[in-house]
Structure formats: C-alpha cells, structure tokens
A.B. asks: 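Input: one structure, supplied below.
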Amino acid sequence: MLRATLRSFLAHKGRLLLSALAVVLSVAFVAGSLIFSDTVARTFDRLFASTSADVTVEPRDDLEASVPTGAVRTVPASLTGRVAAVDGVASAHADVSVENITVVDSANRSVGPTTGAPTIATDWYVTDRSPVELTSGRVPRGAGEAVLDADTADRKDVRTGDTLTVLAQPGSFRVEVVGIATFRTTNPGSALVFLDPEVAATRLLGSADLATSISVEAANGVTDAELKPRVAAALDSGPYDVRTADEQATSAAEDLGGFLDVIKYVMLGFAGIAVLVGVFLIVNTFSMLIAQRTRELGLLRALGADRRQVRRSVLTEAVLLGLVGSTVGLAAGIGMAAGLIRLMSAFGMNLDTAEMVIGWVTPVSAYVVGVGVTFVAAYLPARRAATVSPMAALADADVAGVGRPLKVRAVIGAALGTLGVAALVGCATASETASAASLLGLGVVLTLIATVVAGPLLVRPVIRVLGGAFPALFGSVGRMSQRNALRNPRRTGATAAALMVGLALVGGMSVASASMSKSFDQQIDDTLGADFVIQNTNLIPFSREVTDRVRDTDGVGLVVRQRFAPVAVRLPDGRRITTTAAGYDSQVDEVAHVTYARGNTAAALADGAIAMDVDFAEEHGVRVGSVFPVQFPGERTASFRVGALTDQDAAEGFGMQGGLFFGIGTVEKYVPGGQDSALYVNAAAGTDADRLRSRLERTLDPYPQVQARDQADYKDLVHDQIAVLLYLVYALLGLAIVIAVLGVVNTLALSVVERTREIGLLRAIGLSRRQLRRMIRLESVVIAVFGAVLGLALGLVWGVCTQQVLALQGMKALAIPWTTIVAVVVGSAVVGVVAALLPALRASRMNVLAAIAHE
C-alpha cells in the first residue's frame with residue numbers, strides 16, 4: 001500500500017502542485033512573520049541592553065496619553081548630585097532627550113524620518129554605552145552647534161557646515177552642523193540631533209534646572225540589583241521610577257512590542273486567509289482525484305485492501321503534500337523575512353539579514369500549519385475513498401457527489417445559519433459595544449460556515465439565474481457551460497467558496513469604511529464651524545511659536561486653541577476611568593457647534609468645571625453639579641464640578657472615552673509644558689477665505705509639520721486615514737483571489753481530465769476548438785460570479801451589522817459603496833476568464849481519437 005501510495009502521489013504531482021501552492025503561501029506568511037518579528041525583537045533587545053545605563057532614574061509614568069500632549073516628563077537636574085553621592089555610584093549624568101521637536105533645513109524641508117519614527121534631540125554625552133560615535137567633524141560647543149546622525153545626513157543630503165533650524169517647545173533656534181555621528185548598533189530609524197550638554201536643557205526644556213532622566217554608572221564590584229535600592233532610598237520615594245539596565249531594556253522593548261505586534265498580526269492575518277481559502281482548494285482537489293480514481297481504489301479493495309488501508313493511503317498523500325508544501329513554504333518565509341528586513345532598511349531601520357533569527361518555534365509552526373491543514377482538508381475525501389466498493393472496479397468511474405442528496409448539508413447549514421442570523425440580529429439590537437462586537441464575531445463565523453456548508457444547495461437556483469442568458473447569447477455552447485457548472489453542486493460550491501471568503505471580507509469592510517467616512521463627514525459638517533484648522537497630520541502637537549505666528553497673520557480674526565491631557569477620573573459609581581480630556585479657549589462656540597443636553601459652554605469652561613458626554617454621565621451616575629477627583633500626569637490631582645453635559649452624538653476616537661473637556665487654562669495649569677494640538681481659525685471681517693489660506697500657508701512655510709486645512713481638506717485627511725484600513729483589506733483580497741484562481745484552475749484542469757472522453761465525443765460531433773475553449777471559460781466565469789454574489793451578499797450583511805456596532809460609538813451613518821461592489825462583480829468575471837485560460841487551452845489541444853478511447 002505504501003508503494004502504491006507513493007506511485008499515486010508521484011503520478012499526480014502535476015495535479016497536486018496547485019494545491020501545494022496554497023500550503024506554500026500559508027506557511028510562508030506564518031514563517032516570514034515569525035522570523036521577521038523575532039529578528040527585530042532580538043536586534044532591539046541587544047540595542048537596548050547595550051545602551052542602557054546600570055541604573056536609570058525617570059519620572060513616573062502614571063498616566064499614558066493616548067493622544068500626544070507635547071509635554072515632556074522631567075526630573076529636577078539637582079537629583080544628579082544626590083544620586084552621585086550614593087554609595088556604589090561611579091558617576092551620574094543628567095540626560096536631556098526630547099521627541100517633541102521638528103528639524104528643518106535651510107529650505108524649510110523636514111530632515112526627520114517620514115516613516116513615523118521620531119526625531120530626537122539630545123545632549124552629546126559619550127560613554128562606552130553610546131549608540132553612536134563621532135566619525136566626521138567635531139563635538140558641539142555652545143548654543144549654535146549640533147551633531148547629526150550619519151543616516152539622516154545621507155538621506156537628507158546634509159553636510160557639516162549646513163544650517164538647521166530646531167523647532168522646540170520653548171522656541172525655535174538655529175544650529176550649524178559641526179559633526180556627523182555614525183550608529184555603532186542598529187539604527188531604529190530615528191533622526192538624532194546632538195547639542196552641547198551645557199545648553200541642551202535650556203534649548204529643549206526651557207530650563208537648565210530640568211532633565212528627562214538621570215543615568216547612573218555603578219562602581220566596580222557593585223551590581224545593578226544592589227545599586228537600585230540605594231538610589232531609590234536617596235530619592236525619598238519621590239515620583240520617580242528607578243530601573244536597572246535589564247529593566248530599562250525590557251521597558252523599551254515593551255514599548256516597541258506594539259509596533260512589532262501590528263506587523264506580526266497583519267502577516268498572520270494573511271496566513272489565516274491563505275489557510276482558510278487553501279482548505280477549500282485542497283478538499284476540492286482530493287475529492288476530484290478520488291472521484292477519478294474510483295476504479296483504481298476499487299481494484300485495491302478487490303485485491304484485499306481494507307477500508308482503513310485506503311483511508312490511510314489518501315491521508316499519506318495529504319501528509320506528503322503538506323511536507324513538501326511546508327518545506328517550500330518555510331524557505332519562502334525565510335526569503336519573505338529577508339525582503340521585509342531590506343524593506344525596513346530602505347525606510348531607515350538598518351537591520352542585518354546576516355543576524356536573521358530562526359528559532360525552533362518557526363519551523364515547528366511551519367510544519368504544524370502545512371501538514372495540519374492538508375491532513376484536515378483531506379480527511380473527509382479520505383473517508384469517502386474508504387467507502388469505495390470493490391465492485392467499482394467493474395464499472396465506469398462515476399463523478400463523486402453527482403446525484404447524492406444534500407439533505408444533511410441542508411439541515412446543518414440551516415441550523416448554523418439560524419444561529420448566525422440570531423447572533424447578527426442580537427448585534428444589531430445590542431446597546432453595549434462590547435456585547436455587540438462579540439455577537440458580531442460569532443455571527444460572522446456561523447454565517448460563513450453555514451454558507452460554505454449550504455453553498456451547494458444554492459448552486460442550482462443561483463447559477464440558473466446567473467447563466468440564464470448563456471443559451472441565448474452563446475447557443476448550445478452557453479447551455480453546456482451552464483449545465484457543466486450545475487452537474488456537481490458540491491464541486492461548484494467548494495470552488496466558489498474560496499473566492500467567496502475573500503469577497504465577503506472585502507464587502508463587509510467596504511461597507512464599514514464607507515459608513516465611517518460618511519459618519520465623519522456628517523460630524524465635521526455638524527460640529528466644525530471654523531474656516532481653517534491648523535494641525536499636524538499625525539496629531540503631533542506644535543510649539544507656542546506656531547500659535548503666535550498664526551495669530552499675527554494678516555486677516556486672521558479668531559484663533560481657538562485645543563490641547564489634550566491624559567487624565568484618570570474617579571466617578572460616583574466607584575469606577576476609575578483612564579482617558580484623554582481636551583481643553584479649549586472660551587470662544588470655542590464661534591468655531592464649533594456644540595450641542596448641550598445640560599448647561600452651556602460658559603459653564604463647561606469655567607474655572608474648576610468640566611464637561612462630559614451625557615450618555616457617559618448617565619452610565620456612571622453623574623449629573624450637572626457632581627464633583628469628582630481628576631488625576632493628571634505627575635500625580636497632580638484636583639476636584640472638578642460637572643458644569644455641562646454634551647449630546648454631540650460624536651465618535652469616541654483615540655481613547656477619548658467620555659467626551660471630557662474643560663478650559664484650556666486647566667490644561668496649562670495641570671499639564672505644564674504642553675503644546676497646542678490644533679488651532680481653529682476664522683477669517684477677520686472682510687477677509688476672503690482663499691486669500692487667508694495663502695497667507696496662512698506662507699506663515700506656516702517654516703513649519704513643514706503643520707498644515708492649514710478647510711473642511712474639505714479635513715474630510716480628505718480622515719478619508720486617507722480610513723483608507724489605510726481598506727488597503728490592508730484589499731491586500732487580503734488580492735491574496736484570497738490568487739488562491740481562489742488557483743482553485744478554479746485546479747478544478748477546471750481536473751474537470752477536463754475527468755471529462756476527457758466527453759470532450760472527445762463533443763469534438764467528434766462537430767464542436768470546434770474555439771467553441772470548446774469558450775464553453776470552459778463560460779463555466780469558469782459563472783462559477784466565479786456565483787462566488788462573488790454569495791460573498792458580497794454575506795459581506796453586505798456583515799457590513800451593515802458592523803455599522804451598527806460603530807453606531808454605538810457615534811458613527812451612525814450607513815453607506816453602501818455600490819461602485820466597489822459592481823467593480824468586484826465585474827472583476828470576478830475577469831478572474832473567471834483568466835483562471836480558465838490554461839485549462840481551456842489544454843482541452844482544445846486534445847487528440848480527438850485519443851480522448852474518445854480514454855478510460
């Protein structure tokens with residue numbers, strides 16, 4: 001049996017190749033994501049471990065801001081002397097390092113990275129742990145000099161002697177580049193500007209009495225663990241975090257972990273789609289191979305092979321396929337990881353492919369996924385093979401599944417579909433986001449499985465409609481193509497299911513994103529009353545200098561500032577909520593339309609007052625006049641009275657739960673050193689908006705990180721941000737289509753082999769080569785469109801339910817992107833034509849007499 005299995009596997013290796021490609025893609029994404037994330041993590045672990053001081057003193061991070069505030073957490077520089085006097089300390093240094101800056105060249109072009117990595121300004125303090133070394137020029141001396149990292153200098157064409165402008169929180173200042181420093185370790189993609197230590201604190205923090213951290217070097221014979229409690233004791237339990245080198249490296253790695261997790265989970269999402277779609281392909285392939293080998297399996301049974309041996313033979317073929325696919329996929333995953341590493345280098349993160357990390361988890365995961373998928377997918381066809389009777393060797397091979405009742409599928413599909421629909425209805429009627437999202441996930445899974453199970457039941461009614469015009473348009477060829485798609489509903493359903501999964505995902509996400517865009521458009525129309533919004537694309541705050549320059553611009557009538565503050569509120573129901581609050585100037589009513597359920601803007605922005613969303617207030621037992629404590633960064637706490645409740649019906653984005661806001665004076669008082677996140681600008685009386693735009697653009701020319709936008713521009717910005725999600729979905733669609741095309745190609749190729757004698761007879765009675773190719777192409781098109789119709793119908797339902805979940809977050813507009821849906825259907829027909837090219841060509845080249853004699 002083993003020899004027979006191996007011969008069968010090798011005999012059908014061409015037919016199994018397309019199925020193996022699905023396994024290869026699945027394994028490649030799994031292996032590539034694991035290798036890439038492990039390599040980046042290991043590289044940065046070494047970077048953080050090699051550059052962290054023995055002990056570091058930092059301000060306590062008691063509240064994490066979900067929206068940047070521009071404020072820099074600091075410690076008194078005077079702590080350096082206290083720490084240096086601790087027994088076991090060899091040296092202590094007051095560090096200055098900030099990220100709330102922008103650096104521009106003489107042409108007002110930013111020299112910072114465009115990948116989202118920060119631009120960091122720091123003091124020049126070189127030790128054996130420093131990540132850089134001076135390779136050109138000299139160290140900075142005095143207020144007008146700086147050293148730039150070599151990668152940024154090369155990328156932005158900056159040389160020693162060039163002049164840069166640093167836009168910092170205390171104000172902008174010019175520096176001459178007097179030296180170039182090269183990274184001795186991995187460059188994380190940031191731009192580094194080094195200043196003279198004597199002036200760094202004054203220029204970057206506004207005071208020589210401040211520092212961002214204290215670096216402590218241990219004396220010989222003193223370990224980090226021994227030194228840490230001594231340093232902590234010298235600080236009298238102040239609001240500081242004291243960390244050893246290992247703890248500091250771990251903390252830095254955790255901050256990076258979120259970025260790595262995004263990449264890892266996106267790639268694993270691709271792997272999941274590849275696995276899911278690949279299952280349909282493999283099931284279909286093995287089902288058809290078994291159908292074609294009915295006589296062969298019958299002979300094996302007649303010669304004494306029992307059911308277990310036949311089943312084991314088919315599963316062995318599946319395992320061999322999985323092993324081959326996993327091996328090739330693992331190699332492809334290594335190549336994919338190498339490509340990602342080079343791609344990251346192109347964006348400024350210099351990783352070395354020679355240091356690629358391939359842990360034991362990667363190959364184990366690769367083979368578990370590859371072999372597991374093929375084994376599971378082949379199990380049902382293997383059981384079906386075991387039921388072949390020895391008498392089948394005496395009869396012509398039948399096509400498995402033809403004529404067999406679909407009652408079991410109908411019952412299971414109806415049961416799962418009913419449960420799925422009930423879950424989606426529950427999602428649509430739920431009043432809490434968490435429960436609605438859970439029901440949505442359950443409903444999506446159940447309805448997807450139900451559609452896959454019951455898909456063959458829908459083949460005949462749907463394809464009769466989709467292919468109804470074929471006989472009239474293409475005559476007998478059209479009629480035969482339609483009937484070929486109808487002759488085996490199981491096969492047609494399984495083939496279309498691969499495409500259906502991808503298109504259902506696209507349909508659902510397209511509806512969700514279109515609804516989000518429409519909701520934000522309505523909210524902008526309903527709430528934004530300013531002529532222009534001055535804002536950074538990434539919501540990064542800007543210095544007071546920008547605000548002053550905008551106010552001084554000719555034609556500007558009113559400027560209202562917006563700032564953010566991370567807060568923790570202890571509500572009357574006892575819950576502690578960590579969120580982000582906003583602060584506004586008192587004239588906010590002139591640039592925004594705020595709807596109040598209770599109170600007004602004057603009461604909301606009064607000293608000691610706070611406003612919140614009315615639904616959030618009712619949920620936590622808050623009413624106008626309620627008083628509760630609010631904690632700000634640095635353990636600053638004050639009690640606030642609720643002055644107003646808003647009913648904005650707006651989306652809660654960026655972690656801004658509760659819609660909290662107060663006067664901007666409160667933010668300035670409790671978050672000192674913060675920066676403006678946005679300016680709402682109205683033109684002065686008699687000033688044309690277009691003329692003011694050009695003046696604002698001239699004003700902001702030295703500040704390339706800040707742009708002036710009107711309502712239309714603001715909508716475009718939101719649409720672009722939402723589009724990022726759509727691009728990911730379209731990439732998933734592309735992968736699903738690739739595998740689905742392989743599935744259609746595989747099905748048609750095996751179908752051509754299965755119908756060899758039939759094709760020969762058709763050719764013998766006058767069917768031309770062109771008509772034969774057209775028949776197979778039409779069959780492919782109708783199967784692809786059938787999958788698209790099912791997928792889009794399912795996706796529309798998912799999208800509408802997703803919009804109901806979003807409505808609980810304030811995004812209540814529903815939009816159906818009909819253009820996208822029509823384009824997907826047309827594209828599916830094209831996919832069908834492309835998938836049929838090779839099988840149709842092969843069929844048309846058959847020798848007529850050999851085909852008639854084929855058994």
Side-chain angles (χ1 to χ4, degrees), residues 273 417 420-430 433 436-437 439-448 450-451 455 458 462 465-466 496-497 499-526 649-651 653 712 714-734 736-737 740 784-831:
I273 291 294
V421 170
L424 293 177
V425 170
C427 162
T429 57
T433 304
L439 289 170
L440 174 63
L442 178 62
V444 166
V445 172
L446 290 177
T447 51
L448 175 61
T451 306
L458 302 173
V462 175
V465 174
L466 295 177
L499 189 60
M500 179 197 72
V501 172
L503 297 185
L505 175 65
V506 169
M509 293 307 298
S510 295
V511 172
S513 61
S515 299
M516 289 172 64
S517 296
K518 185 176 180 180
S519 297
F520 279 115
D521 285 351
Q522 289 183 356
Q523 290 170 18
I524 291 170
D525 291 336
D526 293 342
D649 196 26
Y714 205 66
K715 290 177 182 178
D716 290 339
L717 175 64
V718 173
H719 294 171
D720 290 342
Q721 292 172 342
I722 295 174
V724 174
L725 175 63
L726 266 186
Y727 295 150
L728 174 61
V729 175
Y730 290 152
L732 287 171
L733 169 65
I737 285 178
V785 174
F786 171 68
V789 169
L790 288 189
L792 290 175
L794 202 56
L796 287 175
V797 174
W798 293 352
V800 170
C801 292
T802 302
Q803 188 275 329
Q804 293 299 308
V805 177
L806 296 174
L808 297 175
Q809 295 294 305
M811 290 175 273
K812 296 189 175 182
L814 174 64
I816 308 295
W818 293 112
T819 302
T820 300
I821 291 171
V822 172
V824 167
V825 174
V826 173
S828 300
V830 174
V831 165

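Heads up: numbering here begins at 1 and tracks the sequence. Atoms considered below: every heavy atom in the structure, side chains included; atoms not considered: hydrogens, waters and symmetry mates. Given the structure is predicted, the values throughout are model-derived calculations rather than measurements.
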A.B. asks: What are the two closest non-hydrogen atoms of V462 and F786, and how far apart are they?
C.D. replies: CG1-CD1, 3.5 Å
A.B. asks: Can you list everything that forms a side chain to side chain donor-acceptor pair (under 3.5 Å) with T447? Sequence neighbours excluded, please.
C.D. replies: W798
A.B. asks: Check whether any side-chain heavy atom of S828 lies under 4.5 Å from a side-chain heavy atom of L503, and answer yes or no.
C.D. replies: yes
A.B. asks: Are V511 and T802 close enough that some pair of their side-chain heavy atoms sits under 4.5 Å apart?
C.D. replies: no
A.B. asks: At their closest point, which heavy atom of C427 faces which heavy atom of A436, and how far apart are they?
C.D. replies: SG-O, 3.5 Å
A.B. asks: Mind checking salt bridge (charged side-chain N to carboxylate O under 4.0 Å, His left out) for D526 and listing every partner two or more places apart, or none if nothing turns up?
C.D. replies: none
A.B. asks: Does some side-chain heavy atom of V501 sit less than 4.5 Å from a side-chain heavy atom of L448?
C.D. replies: yes
A.B. asks: Enter the distance from I816:CD1 to S515:OG here, rounded to the nearest 0.5 Å.
C.D. replies: 6.0 Å
A.B. asks: If I compare all heavy atoms of L439 with all of A423, which pair ends up nearest, and what's the gap?
C.D. replies: CB-O, 3.5 Å
A.B. asks: Could you tell me the separation between the CG atom of L814 and the CG atom of L806, rounded to the nearest 0.5 Å?
C.D. replies: 10.5 Å
A.B. asks: Can you tell me how far apart CD (Q523) and NZ (K812) are? Round to the nearest 0.5 Å.
C.D. replies: 10.0 Å
A.B. asks: In the structure I gave you, are the side-chain heavy atoms of D525 and K715 within less than 4.5 Å of one another anywhere?
C.D. replies: yes
A.B. asks: Heavy atoms only: give me the nearest A813-K518 pair and the separation to one decimal.
C.D. replies: CB-CG, 3.7 Å
A.B. asks: Enter the distance from L808:CG to T433:OG1 here, rounded to the nearest 0.5 Å.
C.D. replies: 4.5 Å
A.B. asks: How close do Q803 and M811 get, counting heavy atoms only, and between which atoms?
C.D. replies: NE2-O, 3.4 Å
A.B. asks: Identify the two heavy atoms, one from V797 and one from L424, that lie closest to each other, and give their separation to 0.1 Å.
C.D. replies: CG1-CD1, 3.7 Å
